[in-house]
Amino acid sequence: MNAPTTIEERTEKLQGLGCKRKRVEDARFTQGKGNYVDDIKLPEMLFGDFVRSPYGHARILSINTDAAKAVPGVVAVLTAEDLKPLNLHYMPTLAGDVQAVLADEKVLFQNQEVAFVIATDRYAAADAIELVEVDYEALPPVVDPFKALEPDAPVLREDIKDKTEGAHGPRKHHNHIFTWEVGDAEGTAKALSTAEVTAKEMIVYQRVHPCPLETCGCVASMDKINGKLTVWGTFQAPHAVRTIASLLSNIPEHNIRIVSPDIGGGFGNKVGVYPGYICAIVASIVTGKPVKWIEDRIENLSTTAFARDYHMAGEISATKDGRITALKCHVIGDHGAFDACADPTKFPAGFFNICTGSYDIPTAHVVVDGVYTNKAPGGVAYRCSFRVTEASYFIERMVDVLALKLGMDPAELRRKNFIRAEQFPYTSALGWEYDSGDYETAFAKALETVDYTGLRAEQAANREAFARGETRKLMGVGLAFFTEIVGAGPVKNCDILGVGMFDSCEIRIHPTGSAIARLGTISQGQGHATTYAQILASEIGIPADQITVEEGDTDTAPYGLGTYGSRSTPVAGAAAAMVGRKIRAKAQMIAAYLLEVHEDDLEWDVDRFQVKGTPERFKTMTDIAFAAYNQAVPGIEPGLEAVSYYDPPNMTYPFGAYVCVVEIDVDTGVTDVRRFYALDDCGTRINPMIIEGQVHGGLTEALAIAMGQEITYDELGNVKGASLMDFYLPTAVETPFWETDHTVTPSPHHPIGAKGVGESPNVGGVSAFSNAVIDAFAHLGLTHSQMPHDHWRVWKTAKDLGLTG
Ligand code: PCD
Ligand SMILES: [Cu+]
């Protein structure tokens, strides 16, 4: 017989959990057959493009669109005045603020959208943009969030200047957005003031940008005859976009279809709603024709959601022998001109209060103040769920700063303070319940693999050689032990604009035993079509190759909250497992009928139900699927399909131990990454090859952030770093070899024990790089230096320490 018979053979054939299954989507991507938004071309399609503000802060005195309208091919030019009658000149943001769709009386950041030109082709639109005459009166820009809070700082948001109450409580100042406070203020102050040792540091996580290869865009098409609006776009959360579009436009939700086609990387940048989407939709409604809007690179980098820009003042205390006793952090969060931060509604600073990290810290206190400045709005994850990298960077730096103060090895200090395996589930001082972890085992494995003791000995020898003048290079060893929090989230405390953050999976098994599954998430390159099929294959016993996975079309997919915050595996992945179990329950009843036994006399075995004690009597899932459609089973409906909506009981807490070794040429600041070791624990591993790819990608982004990425503004409000000439994107040349490793500590509440992994390498990686660079100078008294550690900054550090002439 050729058919697989042993359990091993049958399991292998499924390509289920744990299989290094090749990515099914790659056949299409590697042959140029992907279907991205800009590939969509509809008959009579028009093109929209923006007139943007050259000023960071200015009053608009007048707009004259006559010359632009006269350009051949131009169909219309929209300004705020045109949107006002529709009440669409402002749109709600995910953070409970409003954002100007087209600037109304004032511009608040450079490149802000001022007018929208619609033309028969891109070139006509581009020509017309040049001819829109806008008369501006320049106003003093505010680009420093601390200065924004000074009493005499200019009022930025005139539209809300009299509002003393914001979406997250009282506003203290005309440029203040919210104060978010967590933890025990009094207990922390007391512990800090009575501690044997304390350390303080101001830690800034600079403004960066996710910069996906494909920029944002959409095609909106209003079918006036049927009243149906279809929008194809780069949406990380298509269902949420549908609900928002319906609420804003008053088009009934069933008449709106949102489709996310292939997406060329999202990284958090494609979670929010942008003026381009609204303008394209309005333009299509006005003209009755499809309208396409696609950003260019400068528009993407300078106007769509940035990440970070967190200014974190930290204080940490410990006993002389290194037991951490308290942690305090006051953050000034620079949110730009509008609060468009993409966070669950009740978390204006995301999950920043995961900042006690992997350590058992008895008391802690966090205050975050959100501030308006003349910068682009945003505040997205960029490969870390909701301010988790900021939090992780903060604690991993503070622990190193404390280690220096204590004169203790940073590995030793970490080990001493780890939450121990037997403490899980562990409730942190700032209120999170960590589901599972085994930090000591992971850390020990990491230190042993890299020969940490050997590295420190080598470093000591290097420092002596440097002092003797035998080398101009300094060696640094960076450690990071991070704990992530992913998989938002329980509906009881996580929602986006009022919709709970559950997720979903629906599956239909066809008569011949193949299937189609649809989910509420959307892949942007993560490989969901490959991995969800693996979860389903293991649950229902059908080979992954026979399961089509579809996401991103709201007309067909069940409602879900989308893909970001590494939530697909923890939430939709769980829904996939649960839907598989529903299928199996029905299949068991059908099998019992076919085998003429009681249901309880059956047991599941990889791909079949067999009679307990007589395994040769069985029905495979394929047999059962056929029977579901061709037999009248008494008391059971025909067909074999199910849907599951999953509300996770808790988030998942992946963790990891990273070690980075650098060598710095003090005369040039050139930093060479000699070794990078990353151990990740994401619980049950669905596809080890995809996980490895995720870790490689995330580490490369961490390298980019730690070593070069930065978006700054000059005093006039001009954005610097808005093109790839200035914004650092590492290529294969700059990217070191990534050594990956893992331990497996399953999540106790997830149906297959899996945690997210996509974000982890960024969360752990940034700290490991930064700690390594700073460690190279630690023996000279350096406690902290500001990211990114580009050549100039590193050289400057060496110079300030007196190492260069
Ligand atoms: N345990 C485990 C876990 C996981 N996994 C795999 O891995 C992946 C991932 O997952 P996750 O973690 O769950 O996640 P998701 O949700 O799916 O996704 C998201 C993420 O993802 C990452 N990655 C990536 N990749 C790519 N390619 N692209 C992109 O874009 C991206 N993005 C990024 C980001 S940024 Mo945010 O949005 O910031 O929040 S968040 C994020 C998928 O496939 C899955 O299946 C496995 O296997 N296992
Ligand atoms: Cu984040």
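Atoms within a ligand are numbered from 1 in the order they appear, just like the ligands themselves. Worth knowing before you read on, the calculation uses all heavy atoms, side chains too, and leaves out hydrogens, waters and symmetry mates.
The nearest protein atom to atom 48 (N) of ligand 1, hydrogens excluded, is given as Ile686 N, 3.1 Å; this is a heavy-atom distance. Nearest protein heavy-atom neighbour of atom 10 (O) of ligand 1: Thr569 OG1, 3.4 Å. Of the protein's non-hydrogen atoms, the one nearest atom 2 (C) of ligand 1 is Lys755 O, 3.6 Å. Nearest to atom 45 (O) of ligand 1 among the protein's heavy atoms is Thr531 OG1, 2.8 Å. For atom 42 (C) of ligand 1, the closest non-hydrogen atom on the protein side is Gln526 O, 3.9 Å. From the protein, the heavy atom lying nearest to atom 23 (N) of ligand 1 is Gln694 OE1, 2.6 Å. What sits closest to atom 47 (O) of ligand 1 on the protein, heavy atoms only, is Asn687 N, 3.0 Å.
Taking 4.0 Å as the cut-off, Gly697 does not count as a neighbour of ligand 1 on heavy-atom distance. Put simply, no part of Gly683 is less than 4.0 Å from ligand 1, judged by heavy atoms. Assignment of Ser385 to the shell around ligand 1 is not supported, since no heavy atom sits closer than 4.0 Å.
In this structure, Asp309 pairs ionically with Lys375, as a charged nitrogen and a carboxylate oxygen lie closer than 4.0 Å.
Between His528 and Tyr532, the two ring planes are tilted [angle within 30° to 60°].
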